[in-house]
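Just so it is clear, the values below take in all heavy atoms, side chains as well, and ignore hydrogens, waters and symmetry mates. No experiment lies behind these values; they were computed from the predicted model shown. In what follows, chains carry the letters A, B, and so on, assigned in the order in which the sequence lines appear, proteins first and then strands, with residues in each chain numbered from 1.
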Amino acid sequence: MADKAEQNTKEPQAGTPRILEDNSLIRQRRKKAAEIKGMGVSLFPNKFRPRDKIGDIVARYGRMDSNQLESRAEDKCSIAGRIMALRSFGKAAFVKLQDRSGSLQIHVQRDGVGQDKYQVFKKLEVGDIIGVSGPLFRTRTQELTLRAENIILITKSFRPLPEKFHGLTDVEARYRQRYLDLIMNQSTRDIFLARAAIVKTIRRRLEERGFLEVETPMMQVIPGGATARPFETYHNALGMKLYLRVAPELYLKRLIVGGMERVYELNRNFRNEGISVRHNPEFTMLEFYQAYATYEDLMVFTEELVGDCAKEVKGSLKIEYQGREIDLSPPWRNLDFRTSLLEIGGVPPDVLFDVQAALGLSRELGGVHKAGDGLGKALNKIFEVLVEPELWQPTFITGFPKEISPLSRTCDHDPDVVDRFEFFIAGRETGNGFSELNDPDDQLERFQGQQAERAAGDDEAQFMDLDYVRALEFGMPPTAGEGIGIDRLVMLLTDQPSIREVILFPLLRPEQG
RNA sequence: GGGCCGUUAACUCAGACGGUAGAGUAUCUGCCUUUUAAGCAGAGAGUCGCGUGUUCGAUCCACGCACGGCCCA
């Protein structure tokens, strides 16, 4: 009997924690839970062990017709999952059960599971996690269905799931409550399955080439390896300021000095910058270093590596991103930095060698410059605004100015340029590689130059790292190294416009002011 | 940091150019042993993001704030 007075009450049911928001639906679900408990049934048992995955069942039996399934009625399946839909007919019901591999319809009949279990079952709701076992059959409409012979509540759900048709679409809710997003949206699950596949492919390819996976400090006394502002933190016992790393680069190259010759790290970096569709304060980067190689060797490897990832998750080197086709087939376009400014950016030739003209143009385009900024920084800003967005098809840019590359080896026949490339896909920088600077005296001078820039007010300039110079003095074999932004690669290969869609828990401000 | 847009029931969304709000789904009650956005009948559910101001009266207007989205820096 419905007790409407009780339905209306604002009083929480027994056991409702007051620290979380409450509503009538939650109260109703807790009431049902109490009733189930009152029947002597545990709400959170941990005994049921599913023997099967729904995906496997569908793969194995999905093509069998009614008669074939009938003849295999002794093949009992045993699965566990969450109730995503429930259609009840009084003495029978259909349940849509979802596990990590897929979903399957369950038919529960009073005469199939027995009066007692059916009484409990009638109290179950969408969102509850149950275990069921029984044979498969096909319904009148030919849907593969498990006939429940046994059914058990595994976990009671106190909160209502979003509506079945529209699901959860509110972007903020999807990021904050990613668990709900994952329950409700197959497309979200697919993104993170693809991400895992991409990371796995990268590791496999690197392992095949003899790279060793290592882990270097994320908390660093001297943040180095990239031009970026670091996060600061503090170690209480040591009484010491620490930085979250902006890159693992300098540590990985110390390992090259140490004789490891081929190393990689695929992990998080932290940069204290604004948030955008391309930037999250913490992001995942692959960095790898190979001794006795040049940046040109890595360009070839990059084409292979990115291509392998595309084949793995898209099955093709021709992919579509945000409605436009991208062809990852090698060889990729290769353009000199200055040439790209002229041909793609439409920059007047005199700007390329005239600091004042370059700074002027950069400022016109919105660039902010300090007194000490030279040609390299100005041209780089111009590049970012005029050229980068145009590089839709995969493109290597080479011939970068030395001024913006303090860790790269100087080009043998142009002292203003370094042996470096960046590659761009879909108008975004996706990776950066270079022949490493292994002349310790040159490196020391570059650091000193960075120190001067820092003194002049550039808080993105790199810190002096004397131990790194000391390591180079022991001798680092000629080495090429590269970093690839994993989040951006995943965006590309899952056709996502925002980096937040490919990060499980993107950084958001707290919900309550 | 700036601009634009958004925030209404658990979810997805309407809405009134000021008079304290609706739909669908979900939920509750009843019926129903092959449904699949099940169906039929009935019912309940809201601090209209937060605050201040204007007003007889604000969810709606104004200002501020919070959170989010997109664009720009």
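- The salt bridge (Lys or Arg N to Asp or Glu O under 4.0 Å) analysis of residues 129-145 of chain A, with sequence neighbours excluded, yields no pairs.
- Using a 4.0 Å heavy-atom distance criterion, A:Gly112 is classed as making no nucleic acid contact.
- Stacking here means ring centres nearer than 5.5 Å and ring planes tilted less than 30 degrees, and by that measure A:Phe89 does not stack onto B:rU33.
- If you take atom C1' in B:rG19 and the same atom in B:rA58, they sit 10 Å apart, rounded to whole Å.
- Remark: A:Lys164 is not in phosphate contact with B:rG24, judged by side-chain N or O atoms under 4.0 Å from OP1 or OP2.
- If A:Thr145 and A:Gly367 are placed on RNA chain B by their nearest nucleotide, the residue sitting closer to the 5' end is A:Thr145.
- If you measure from atom CG of A:Leu124 to atom P of B:rC28, you get 12 Å, rounded to the nearest angstrom.
- Among the heavy atoms of the strands, none lies under 4.0 Å from A:Leu161.
- Every residue meeting the side chain to side chain donor-acceptor pair (under 3.5 Å) condition with A:Glu282, not counting sequence neighbours, appears here in chain and number order: A:Arg268.
- The pair A:Glu273-A:Arg229 fails the salt-bridge criterion, with no side-chain N (NZ, NE, NH1 or NH2) lying under 4.0 Å from an Asp/Glu carboxylate O.
- Checked against B:rC11, B:rA45, B:rC32, the side chain of A:Ser24 finds its nearest nucleotide in B:rA45.
- Whole-Å rounding puts the A:His166 NE2 to B:rA10 P distance at 17 Å.
- With rounding to whole Å, A:Met84 atom CE is found 14 Å from B:rU25 atom C1'.
- Remark on RNA chain B: of its neighbouring residues A:Thr139 and A:Glu172, the 5'-side contact belongs to A:Thr139, judged by nearest-heavy-atom nucleotide.
- Here B:rG69 presents its P atom at 15 Å from NE2 of A:His279, a figure rounded to the nearest Å.
- Here the two rings, on A:Phe421 and A:Phe337, have centers that are 6.0 Å apart or farther.
- When all heavy atoms are compared, the tightest approach of A:Lys123 to A:Lys32 is O-CD, 3.5 Å.
- Figure legend: cation-pi geometry between A:Arg30 and A:Phe158, with NZ or CZ positioned under 6.0 Å from the six-membered ring centre and within 45° of its axis.
- In terms of phosphate contacts, A:Arg500 brings a side-chain nitrogen or oxygen within less than 4.0 Å of OP1 or OP2 of B:rC70.
- Computed from coordinates, the A:Asn23 CG to B:rG44 P distance equals 18 Å when rounded to whole Å.
- Spacing between atom CG of A:Asp111 and atom C1' of B:rC32 amounts to 14 Å, rounded to whole angstrom units.
- Separating the C1' atom of B:rG3 from that of B:rA23 is a span of 35 Å, rounded to the nearest Å.
- For a distance-only test at 3.5 Å, the side chain of A:Gln105 qualifies as a donor-acceptor partner of the base of B:rU35.
- For B:rG18 and B:rC48, the C1' atoms lie 14 Å apart once the distance is rounded to whole Å.
- Listed in residue order, the members of residues 175-192 of chain A having a heavy atom less than 4.0 Å from RNA chain B are A:Tyr175, A:Arg176.
- Comparing atom distances between the A:Pro160 side chain and each of B:rG24, B:rA10, B:rU33 picks out B:rA10 as nearest.
- The closest side-chain donor-acceptor pair between A:Tyr175 and A:Glu501 falls under 3.5 angstrom.
- Checked against side chain to side chain contact (heavy atoms under 4.5 Å, CB included), A:Ser103 has the following partners two or more places apart in sequence or in another chain: A:Lys96, A:Gln98.
- Only the P atoms considered, B:rA10 is 36 Å distant from B:rC72, to the nearest whole Å.
- Each of B:rC67, B:rC70, B:rA37 was ranked by its minimum atom distance to the side chain of A:Arg509; first place goes to B:rC67.
- In summary, A:Glu172 and A:Arg176 engage in a salt bridge, as defined by a charged side-chain N under 4.0 Å from a carboxylate O.
- The distance between atom CD of A:Glu273 and atom C1' of B:rC72, rounded to the nearest whole Å, is 17 Å.
- The distance between atom CD of A:Gln496 and atom C1' of B:rG69, rounded to the nearest whole Å, is 15 Å.
- Within the 4.0 angstrom heavy-atom criterion, base atoms lie near A:Ser88.
- On the C1' atoms, B:rG22 is 10 Å away from B:rU8, given to the nearest whole Å.
- Taking atom C1' in both B:rU34 and B:rG42, one finds a spacing of 27 Å when rounded to whole Å.
- Distances from the side chain of A:Arg147 to the nucleotides B:rA10, B:rU34, B:rC13 place B:rU34 closest.
- Spacing of P atoms, B:rU7 relative to B:rC60, comes out at 13 Å, to the nearest Å.
- Annotation: cation-pi pair A:Arg420/A:Phe400 present, NZ/CZ under 6.0 Å from the ring centroid and within 45° of its normal.
- For the residue pair A:Asp327 and A:Gln393, no side-chain donor N or O sits within less than 3.5 Å of a side-chain acceptor on the partner.
- Looking only at atom types and distance, the side chain of A:Tyr61 has a donor-acceptor partner in the side chain of A:Asp75 under 3.5 Å away.
- Using a 4.0 Å cutoff on non-hydrogen atoms, no part of residues 355-363 of chain A comes near RNA chain B.
- Comparing B:rG49 with B:rU59, their P atoms sit 10 Å apart, to the nearest whole Å.
- Closest to the A:Leu168 side chain, of the nucleotides B:rU12, B:rG68, B:rC32, is B:rU12.
- Using a 3.5 Å distance cut-off with no hydrogens or angles, the side chains of A:Ser187 and A:Asn185 do not pair a donor with an acceptor.
- Between A:Gln186 and A:Asp190, the side chains place a donor N or O and an acceptor N or O closer than 3.5 Å (distance only, hydrogens not considered).
- Between A:Arg87 and B:rG39 there is no side-chain N or O to OP1 or OP2 distance below 4.0 Å.
- One finds no side-chain N or O of A:Arg159 lying less than 4.0 angstrom from the OP1 or OP2 phosphate oxygen of B:rA10.
- Residue side chain A:Gln109 reaches the base of B:rU33 through a donor-acceptor N/O pair under 3.5 Å, judged by distance alone.
- Using modelled atom types, one finds no donor on one side chain facing an acceptor on the other under 3.5 Å when comparing A:His107 with A:Thr139.
- Contacts of A:Lys32 with the nucleic acid, taken as non-hydrogen atoms under 4.0 Å apart, involve only primed sugar atoms and P, OP1 or OP2.
- Phosphate contact (OP1/OP2 of B:rU33, side-chain N/O of A:Arg110, threshold under 4.0 Å): absent.
- Checking B:rU33, B:rU12, B:rA10 against the side-chain heavy atoms of A:Leu25 singles out B:rA10 as nearest.
- Remark: RNA chain B takes part in the stems B:1-7 with B:66-72, B:10-13 with B:22-25, B:27-31 with B:39-43, B:49-53 with B:61-65, each of 3 or more antiparallel Watson-Crick or G-U pairs, criterion distances under 3.5 Å.
- Among B:rU34, B:rU35, B:rC71, the nucleotide with an atom closest to any side-chain atom of A:Glu143 is B:rU35.
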